[in-house]
Each structure stands twice: as C-alpha cells, then as structure tokens.
4 protein chains.
Amino acid sequence: MTATPQTSPVPARPGRPRSARADKAILEATLDLLAEEAGVAGVSMEAVAARAGVGKTTVYRRWPNKERLIVDALAALKHPLPELAGRSVREDLLTLARSIGADHTDRRSRCVWNVLGGFDRHPELLARYRQEVIEPRREVVRGVLRRGVATGELRPDLDIEVAVTMLVGAMTLQGRVPAPPPADPAGAAERLAEGVVDALLRGIAA
Amino acid sequence: MTATPQTSPVPARPGRPRSARADKAILEATLDLLAEEAGVAGVSMEAVAARAGVGKTTVYRRWPNKERLIVDALAALKHPLPELAGRSVREDLLTLARSIGADHTDRRSRCVWNVLGGFDRHPELLARYRQEVIEPRREVVRGVLRRGVATGELRPDLDIEVAVTMLVGAMTLQGRVPAPPPADPAGAAERLAEGVVDALLRGIAA
Amino acid sequence: MTATPQTSPVPARPGRPRSARADKAILEATLDLLAEEAGVAGVSMEAVAARAGVGKTTVYRRWPNKERLIVDALAALKHPLPELAGRSVREDLLTLARSIGADHTDRRSRCVWNVLGGFDRHPELLARYRQEVIEPRREVVRGVLRRGVATGELRPDLDIEVAVTMLVGAMTLQGRVPAPPPADPAGAAERLAEGVVDALLRGIAA
Amino acid sequence: MTATPQTSPVPARPGRPRSARADKAILEATLDLLAEEAGVAGVSMEAVAARAGVGKTTVYRRWPNKERLIVDALAALKHPLPELAGRSVREDLLTLARSIGADHTDRRSRCVWNVLGGFDRHPELLARYRQEVIEPRREVVRGVLRRGVATGELRPDLDIEVAVTMLVGAMTLQGRVPAPPPADPAGAAERLAEGVVDALLRGIAA
DNA sequence: TTTTAATCGAGACGGTACGTCCAGTCTTGTC
DNA sequence: GACAAGACTGGACGTACCGTCTCGATTAAAA
C-alpha cells in the first residue's frame, strides 16, 4: 500500500517548479541541431538555448554539460522496442535486426556514435548509456535466443552472448564502414537483416 | 641506398626542405595525446605542436586540419594485417578475428570511433579512411571466404558481404557496448573470436 | 506617545504586514558585505538575500535595485552631525572637519565613493543622496561661516560656498589620494583637520 | 651611452609582434564607451572588443581584466600638466587649479572616480594610479608652494601637504557634491579656481 | 470562523557579461 | 623556402548576477 496523498513522502520541493516546456524545447532543439548538416559539431549550448528560446542558465540547470545533454537527447530518440510475434525464433530475430538497423540508419541516430566516442573520458556516462539504452535491447535479443534454446529451435550449447554480439554488431556496423552507402539504405538494411539472421541460423559452412 | 639529391627525379624544390623529424614528432605527439586520459578531446593542435616541440605553422603546413592529422595518426597505428596460414578457412578466420579484435582492444585504437563519428561532416575523410584502412582488411576476409567457397568448405550460396559484416561487426563491437569490460579484455577477445567463428561456421540453429 | 492604530492616517493595508526584521536584516547584510574585502563589488542581491536569510523577492519588494539598496544602507551609516559648541568659529570648524574626516576614514564609509561613481547614470539617486546626506552637512558648515561673518570673526566679503568646498574637499580627499595611507589614519585625520582649519582661517600668504 | 642597435639588450622577442593599431583601437573604444550615457557600467570587454574591431583574446592578451583596462584608458586621458609661468605664486596656483578643475569637469574624466571607487579591492591598482597620475600633479603643486616659501611669498611655517590637499580637494570636489551642477560648469570651475586660490592665500579670517 | 489579500522562503526564468580555451590564419626574424 | 614563436579573429565554454516570475506556506485583519 503506497502512501496516501496527505502523507506523501515527496512533499513538493519549495520554489518555483521547473518548466516542463523548457525541458521539451531544449531536447527538441538539441535533436534539431544534431540532425542538421554539422552533426554533433553543430550542437553548442548557446545554439541549443537560442533555438529553444531559453536562457543558457536554464539548460545548464538541467544538464551539467554538453555531453550529458546530447546523451539524453539521443536516448529520447531510440526507436521503441518492437513487439515480437513469438511465433518463431527466425521471425523474432528478423524483427529485432530490422529495428536495430533502423536505429543506425536514420539521420539523427547515426551520430550516437560520435557521442559515444567522446565517452572514453566520461565512463559513467557510457555506463549509463549502456544500462539505459543498450542493455534493454540486448536483453530482448537474449530472451528470444533463450526461448529458442528452450523450444529446441536453437542448439542447446549455444553461447548466447556471442550470438547477441554477432547480430547487434552486424546491424550496427552496416552503412557505417562498408564502401559508400547504397542509394537505398533502408532496402540495404532490410536485405542485410535477412542475410544476417539466416547466416546466423544456418551457419556458413557447407 | 636512396637517390641522392642531385639525381632525384623530383628536382628538389627551392628553399629549406621539410624536416622529417618534425613529421615524426607531430605524429608521435598526436598518438601520445590520444592515449592520455582525455582521449580525442585532449588533442588540440596547440597541444600537439607544443608536445612535438614544433610551431603550429609546421603542423598546419603538413595537415590542413585536426581531423586529417588524427586520421593519419590513427592509420599509422593499425596493426599490420596478419599472415594467413591458408590451411583451413576456420584457422584463417580465427586469425583475422583475433587481429580485428586487437585493433579495438588497445587503448589508442579504441578512439578510432570517436574520430569516425566526426566524419559525418567530412565524407571525403571517411571515404579515405575506408579505402586505406578498412577495405584492405575486409578484402582479406572476403578472400578467405571466397577461397572457402571454392574449396567447398563453405556453402556455395554464401552471401559474402553479409558474412564479412557479421565477423567484423561482432569483433568491432566487443568490449564497446556490452556491460563493463571484463578484467581481462585480451582473454575475452580471444574467447569471443573463437565463439564468433564457430557460430558463423555452424550456425546457431539446432 | 505616538498615534494609536485606530487614529492612524494610514489605515493599515490588508494582508500580511511587512516584516520589520527583514528590513533590518537586509540592511545589516548589505553593510556587512560592503565591509568585507570585496567592497561594493562583493555586494550582490543574491548574497544580500542569502546572508539576511531572506528571499530575493523580499529584498526587491523594498528596494527596486542594487543601487538604491546600497544608498540606503550607506545613508544609515553616516555619523550623526556633531553638536557645535558655538563658542568660536575656529572651534566649530574644527569639530566639523573632524566629523567629515571620520566619515571618510572608516572602512565602510570609504566605499560611498564607489557607489557615488555609478551615479552618473542615476541622476535622481545622486540628487537624493546630495539632498539627504550631503547638503545637511554642508548647510551646517555654511551656518558656522555665516555666523562668523556676522560676528566679525570672518571677512565680510567671504565667498561662503568656496570656503565650504575647501573645507569639505580637503577632508574628503584625505586618505584617498595621497601616498599610502599612514599607519595611524585617525591621528592623521586629526592633524589634517587642524591644519586645514588654520590654513583656511589665516591664509597661506606671508 | 646607451647600447648600440647591434648589441641591443632587447633583441626583439620572437614571434609576431603585437599590433600597435590594436592597442590604440582598444583604448579608443574604451574611452568612447566610457563617454557614452552608461558610463563605466557601459564598458564591457565584449563591447570594447567589438567596437575596436578586435577579438576578445586580443584585449585580454594586453589587459588581464576590465579594471586594468579602464585605468590605463583613464590615465591616457588626463590633461597634460600645464606650463607654469613662474611669475608669481598666485598665478601659478591659479593655472594649476584650473587644470585640476578641468580634469574633473569634462564628460569622460568624471568617471575616474567610479573606477577609483572599485579600487578598494585592487590596492596595487590604486597605488599605480596614485603614483603615475596623481602624485606627479601633487608634486607640481608642492613645487610651487615650496618656491613661494623660498621667495617669501608664502608663510615660512606653511604646512605644504595641508595646502596641497586643500587646493586639490576643493577643485576635485567641485561639480560633484554640491547641488545640481550649474548650466555653465566651465565658468563655475573658473570662478571656483579663483575663489579657492584667493581664500587659500589670504585666509578667510577677518 | 472563515475568507481574503499581501507577505514570506525558495528557487526557476531569460539575459548579459565574465574570463578561458581552441581553431585556423597571419606575421615576425632566423636558419 | 621552412622553421619557432606567438599574435590575430572568431566563437563556444561554463559561471555568476540581474531583475522578474511562480510556487506553496504564513499571517493578520475583514467579513
């Protein structure tokens, strides 16, 4: 039984409450700037504040520095986890592969990597990003694989972590390192997703 | 014995020749700074020049901007491509997986990603990096897979690009996204390499 | 006996009355900060409110801005006008010279000038300060001089304003412009007061 | 005999020399801003840099903070010491009184006080201003008085410091403290100068 | 006793300026 | 010419106050 209103343990902090509109405007502005040509480099606290129609103070009151702001903006950006049909391992993995692929294809999400890069100096930030954004996604994949092992669809001796990393790694890398991105990145991602899931399931050995 | 100045086919530009020592000192300084706690963020042209004991002019005479300098420094860092025994596909893939893993495990190489991130705005740089650093490595992997198909070790209908991406993606991601890196990253990388190659070869389906 | 509430011509506004303690605390805090090492520069409305244990609103409800607050604080600080014996012009002028000197010797009063400086932009403030603080003092000096003329102690053709300015100017300047202030500022002020009054009375010509 | 060029002990510092134009532009801009309606409060380092057409860095390279810059600007502003005829003490004192008066009448000089005020926290600045600007002027007055004593024009027992302070104090104060400044400040200053010198010479006693 | 209305503290708001740090360029004199 | 030194413009960084604006909680007199 939770506390009743009159005994609420969170008695509303004193002072003027923070503006929810400001919160939203700042995040929006950040994402906007991120999506423009300059990418992360185009995000400056001053620009964010200006575009959000907000004082710099208001930004700094909520986020202690640029990195933190960008991580939060990015976290707000991740596509929601997809619904899984649960009919077969193959179908579920395909759904997940597509979803992860989408997270790395669209204009704004691509720059997650830029930020992540700067995290060598902010280990606690990277940790937070991992915990809040990455792990939940990996966990879903793990769940599908575990279920597959249980139902006998997958090998009983499967190293789940390895399989997760292969799926996520392949979908993450796509469009980033290989030769000039194709004219039709979405189509390419789709084909890759299918290819990866099938290769993973059947193996590549003859 | 290299060509003496007077027989050089490049008839020796007038004025003082560029100092080879400066070139080296600058690259070294860049790598040093990269390896320090601040990572890429700690690399500023001023710091590089100062540490190299060189004027800023001298740096800018050779590299037009910070990104270019860092790419070149990083390129000098990549582990050389390993020798392949050629006895079996599995053995060769394992060798390659280890090598790629190593490229993303050690202190300095990790920050390649930071830089890559900033490349959305410098497509020609990303292209150059892909062409000079990444493609040669992918090509080696491709070669092994093609040979495997030819010898019948691998499925004849194998989608080689997909397989390359799975191998490289998995090894690239390792240690980056999953929960706090293990105490023994080198050992973990080794285990991952084996797991990935085997999963890739045999598939994960029952 | 002062007017009782019910006969008061100001029939007590509705709502909670202003706290007299707050008034005092704010003025005290201002003077405190003024007296600290940072001087006027150390007085910020936030610091005043904090030190007075009062909300910023409470300060701004009483004083419209920093200048006004500081003037009022300073006005509260001026030494009261001294009693004049009236036995001789010399004695009275000496008393006044000492009093004015004291106003410019002690730690907090010194900074009156700082504030006055900023008044070029607030002419109405300067006017108020002149009217409420300075003129009353000059008027006392004027009175003494007029009386001296009347009693025949001073020249009949004396330009009173000039004489006032000389006395006040000399005592105001002391300790401010000349080389490093003496170890014993009070003693120096005393000697200066005597010297000034005598030079003024007798002239410096042979 | 000073060092010849080739053995110069100041062998020209390495690097690009500082731009003399920038120096001048910055000082000009500062004085400009000082003279505008806002006075000292209108002088911000950003405004100075902008108006001087110069980067903020360039200002900060030369002056460590706003106070220092303003003092230097102000010092450059003082009217040059007047030539003294030397024919009589009265004439010379009158010349000096007028000069000092002028220093406190014109638009820009008035704000010297504002700045001086802020010096309680920068004792070394005040010291410098005293030494470089004020003392030279007092010294000239002292010289005239000493000469007067020597020629017998002034009392042999004259306390020179007191007389200096009276003259300087009176002329400094004029236009600052008394009731609203007259329509014709220059004329008023002239009349005050004469009145002060005469009162000083003859005394005010009957 | 219940309004009613101005007070209180706390603290968020949009701004402006501070003084610092780099990027990339330019300008010296020396080698 | 290249070199080291270092000045140049420009612009973002993160901090500190200004004067204004809500909040919820007192506090007294009026109803």
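Each chain gets a letter, A, B and so on, in the order the sequences are listed, and its residues count up from 1. Just so we're clear, the structure is a prediction, and the values are computed from it rather than from any experiment.
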Is the shortest side-chain heavy-atom distance between C:Leu74 and C:Leu34 below 4.5 Å?
yes
Say whether, by atom type as modelled, one donor and one acceptor occur between the side chain of B:Thr58 and the main chain of B:Val54 under 3.5 angstrom.
no
A:Arg13 CZ to F:dT22 C1': how many Å, rounded?
14 Å
Does C:Lys66 have any side-chain hydrogen bond (donor to acceptor under 3.5 Å, both in side chains) partners at least two apart in sequence or in another chain, and if so, which?
none
A:Arg51 atom CZ is separated from E:dG14 atom P, nearest whole Å, by 17 Å
Separation of atom CG in D:Asp23 from atom C1' in F:dA7, rounded to whole Å:
12 Å
Between P of F:dA7 and CD1 of D:Ile26, the distance in whole Å
13 Å
How far does CG of D:Asp72 sit from CD1 of D:Ile26, to the nearest 0.5 angstrom?
11.0 Å
Could you list the residues that satisfy side-chain hydrogen bond (donor to acceptor under 3.5 Å, both in side chains) with D:Arg62, not counting sequence neighbours?
D:Asp23
To the nearest angstrom, how far is A:Arg18 atom CZ from E:dG14 atom C1'?
15 Å
Judged by nearest nucleotide, the residue sitting upstream toward the 5' end of DNA chain E, A:Ala22 or D:Gly15, is A:Ala22
Rounded interatomic separation in angstrom, taking CZ from D:Arg68 and P from E:dG19:
12 Å
Report yes if a side-chain nitrogen or oxygen of B:Arg16 is closer than 4.0 Å to either non-bridging phosphate oxygen (OP1 or OP2) of F:dC3; otherwise report no.
no
When A:Thr58 and D:Pro17 are each assigned the nearest nucleotide of DNA chain E, the 5'-most assignment goes to A:Thr58
Can you tell me the distance, in whole Å, between the CZ atom of D:Arg61 and the P atom of E:dC21?
13 Å
Determine whether a donor-acceptor pair (N or O, by modelled atom type, separation under 3.5 Å) exists between the side chain of D:Asn65 and the backbone of D:Arg68.
yes
Can you find a side chain N or O atom of B:Arg62 that sits less than 4.0 Å from OP1 or OP2 on F:dC3?
yes
Is there a salt bridge (Lys or Arg N to Asp or Glu O under 4.0 Å) between C:Glu36 and C:Arg51? Walk through the geometry before answering.
CA-CA 13 Å; C:Glu36 281 173 9; C:Arg51 167 141 349 185; 2.9 Å; yes
Under 4.0 Å protein heavy-atom contacts per nucleotide of nucleotides 10-16 of chain F, with B for base, S for backbone only and - for none:
BBSBBB-
Distance check needed: E:dC18 C1' versus D:Ile70 CD1, whole Å only.
13 Å
